[in-house]
Amino acid sequence: MNATPTHCPYCALQCGMTLSGTASGGLGVAPRDDVPANRGGLCQKGWTAAELLTVPDRLTTPLMRHGRDEPLRPCGWDEALDRVAAEAARLRALHGPDSVAVFGGGGLTNEKAYQLGKFARVALGTSQIDYNGRFCMSSAAAASGRAFGLDRGLPGPVTDLAASGAVLLAGANPAETMPPFMRHLAEMREGGGALIVVDPRRTATARQADLHLQPVPGTDAALACGLLHLALAEGLADDAYIAARTSGFEAVRTAANAYWPDRVERITGVPVPAMREAVRLLARAPRAHVLTGRGAEQHARGTDIVTAFINLALVLGLPGREGSGYGCITGQGNGQGGREHGQKADQLPGYRRIDDPEAREHVARVWGIDPADLPGPGRSAYELLSALGTGAGPKALLLFGSNPVVSAPRAAHVQERLAALDLLVVADFVPSETARRADVVLPAAQWAEESGTMTNLEGRVLRRRRAARPPAGARTDLEIIAALAERLKAPGEWSTDPEEVFAELRRASAGGRADYSGIDYARIEAEGGVFWPCPSPDHPGTPRPFLDRFATPDGRARFVPVEHGGPAEDVDAEHPVYLTTGRVLAQYQSGAQTRRVAALAEAAPGPFAELHPDLAARLGIEDGAEVRLESRRGAVTVRARLTDAIRDDTVFVPFHWPGDERVNLLTNPALDPVSRMPEFKVCAVRLEAAVSPF
Ligand SMILES: Nc1nc2c(c(=O)[nH]1)N[C@H]1C(S)=C(S)[C@@H](COP(=O)(O)OP(=O)(O)OC[C@H]3O[C@@H](n4cnc5c(=O)[nH]c(N)nc54)[C@H](O)[C@@H]3O)O[C@H]1N2
Ligand SMILES: Nc1nc2c(c(=O)[nH]1)N[C@H]1C(S)=C(S)[C@@H](COP(=O)(O)OP(=O)(O)OC[C@H]3O[C@@H](n4cnc5c(=O)[nH]c(N)nc54)[C@H](O)[C@@H]3O)O[C@H]1N2
Ligand code: SF4
Ligand SMILES: [Mo]
């Protein structure tokens, strides 16, 4: 019997868990109570996580085919890797280095994310790399960067929330997406604090709130500007803070004039008294938080929406105060670290910009190459996927840690683009919907079978430990990358040891915004995690980054005036209902992992459309009946679930299921101009009772 303390394979809360068992038997999961994020709690996904290691269709041998109509057939590792390297080299010689692209994931450890970014730039020489984090919190990252000069998830340890006097959650449903997170909010409420939830649906989270604002999807910017207007009108602004710690307030004050309460009520559907109450609760609390989730961020104007919430937080004097602030609740297991170490099209390790000459110089030196040989910025995730196989686009794609056939917007189009490639290579541990369409499938080790580090929603770097051997036939992503780099005769070191890769990552990140250079495995273990930035071994780490100054050149937080613009695709006579999408507790993302765990598949067996009984009555749709949803991009038929918890102009469908039930057949890939994030959270649809085939 051995017991290995580690962290959950799924979301950004990275709950602590202990895996115990014997080599022959299965592993058992128990929650750890020494990890502040979950303190003895786990959600159903965490409790059942060990089952992932033994799913019946686990990939244990490379697979290959030579024509898309052929079935995938088992092959040897050398054969598979030789083919990938030879084909990549051939395409590069023929069409240039940008003809081979890489797509990564926010679930990869820091070590893998770093190595994948380096592999793309050094071994392939391509600028064409991006990752699914672009679909996740990139608008919050862009808005935080603009306002604070740095983007780091929560403003402090998650336990700060319990001592808060008010928390406003805009577009987040942690009761389903991070259940143990709710403990911190419950503790806050026990201490007299108020929870305010902004969501078009009365979610499980909203039901635990003191105040629920239920706006029309896509109107959060108007709402946040309206709250700011009220704060100014009622004399609740923190003038001393604004004078001492911010810049640009005048322009925002002027812009706020246009958001008088009645107008905002007309745009958002939120009653004026509820808005007033929200502002008072936030302003009166000695400590308060404004937090955004994907509901506020996944919009074609997501950066501006988040900026509107940040402006509100700044007017109330929250950011940079101990125990207060603005934060984004990150999503994927390594949603934080995944965006800091270079798998983003415009970034190098340490959150450096790839177009910054000094950054290029530093990173090129660590990589042992000439800075002139480093490619420049590439395409963002959706732009990359939709360029695949086109005249000017990449002809091969290497994909690690994402399942875009299910999770990308306008999924049928993305699927077509993938089919147009000369070569699709997928590394995964299960035959995901995307892996099934690949030319070469590389069976990867997972989570409890390898070690590495993850950076959770607090910005705390954690140790993931190995508790089991990978099945014979599987290799770790680091081994796969190193084997390909060797075949491509890439310069530099390509270690397969996570701790060695982390040591290199430390050097590459040194001096950057996300400086990890003072962090090592022993320290993480001894201190229960280290908060970045941590620029030297004797630096204590940075749990609360902006207490003294913001990371802007003048040390002040920047107000940026923004306007409400509404969704890229509004409702009209033909498509009269808003569609929004999101998650349910028992399924994770594209479902590639959780649909394979029996208890989770049983708890959430398939998609449904949540709609209001009044809307259903108008359309003649009954509870449990099949309903057809059609947008300008496609149609799906799912079961109707009637509930008065949703607005009667909106329908909600979760995105975890594949095939004809993919809600992403409908979603709008309109992109935010700054973050390049797609508008998953609102498009226009027509609904009708599905016609019986008989
Ligand atoms: N069970 C489960 N947990 C997960 C995940 C999962 O797939 N399943 N994924 C993880 C990841 S990667 C992420 S990013 C997080 C996401 O975590 P959340 O952000 O909490 O999840 P979502 O369900 O995408 O969206 C949250 C809410 O936004 C609301 N919403 C929709 N449109 C709007 C709008 O216009 N304005 C506002 N204010 N709200 C709106 C939806 O009704 C929904 O309740 O969850 C993480 N945890
Ligand atoms: N309509 C709609 N669509 C959405 C969203 C939404 O709210 N609405 N949310 C978006 C968001 S926030 C996100 S984060 C994306 C996520 O969507 P995806 O990127 O599809 O995320 P996953 O389903 O987690 O896919 C991860 C895949 O990689 C594999 N994998 C996991 N870990 C590893 C690893 O370490 N190595 C390798 N090689 N493989 C690994 C898993 O088995 C799985 O097949 O979906 C986006 N899509
Ligand atoms: S909340 Fe997230 S990290 Fe915690 S057990 Fe559930 S899926 Fe795992
Ligand atoms: Mo996400």
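Just follow the structure's listing: the first ligand is 1, and inside any ligand the first atom is 1.
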TODO: Indicate, as side chain, backbone, both or neither, the part of V198 found under 4.0 angstrom from ligand 1 when only non-hydrogen atoms are considered.
DONE: both
Task: ligand 1-proximal atoms of L585, by part, heavy-atom distance under 4.0 Å - done: backbone
Task: Min heavy-atom dist T219 to ligand 1 below 4.0 Å - done: no
Task: Distance-only N or O hit between ligand 1 and Q332, under 3.5 Å - done: no
- [ ] Assess the side chains of T292 and E297: does a donor N or O sit below 3.5 Å from an acceptor N or O?
- [x] yes
Open item on the list: For R641, is the CZ atom crowded, meaning more than 12 foreign heavy atoms sit under 6.0 Å from it?
Closed with: no
Open item on the list: Between ligand 1 and T330, is the shortest N or O to N or O distance under 3.5 Å?
Closed with: no
Open item on the list: If we set the cut-off at 4.0 Å for heavy atoms, which region of H656 has an atom near ligand 1: side chain, backbone, both, or neither?
Closed with: side chain
Task: Polar atom proximity, Q298 to ligand 1 (N or O, under 3.5 Å) - done: no
TODO: State whether R339 and D151 are salt-bridged, where the test is any N-O pair (Lys NZ or Arg NE/NH1/NH2 against Asp/Glu carboxylate O) under 4.0 Å.
DONE: yes
Task: Winner among R647, E297, Q587, E610 once heavy atoms are compared against atom 8 (N) of ligand 1 - done: Q587
TODO: At a cut-off of 2.8 Å, list the protein N/O/S atoms near atom 4 (Fe) of ligand 3, residue plus atom name.
DONE: C15 SG
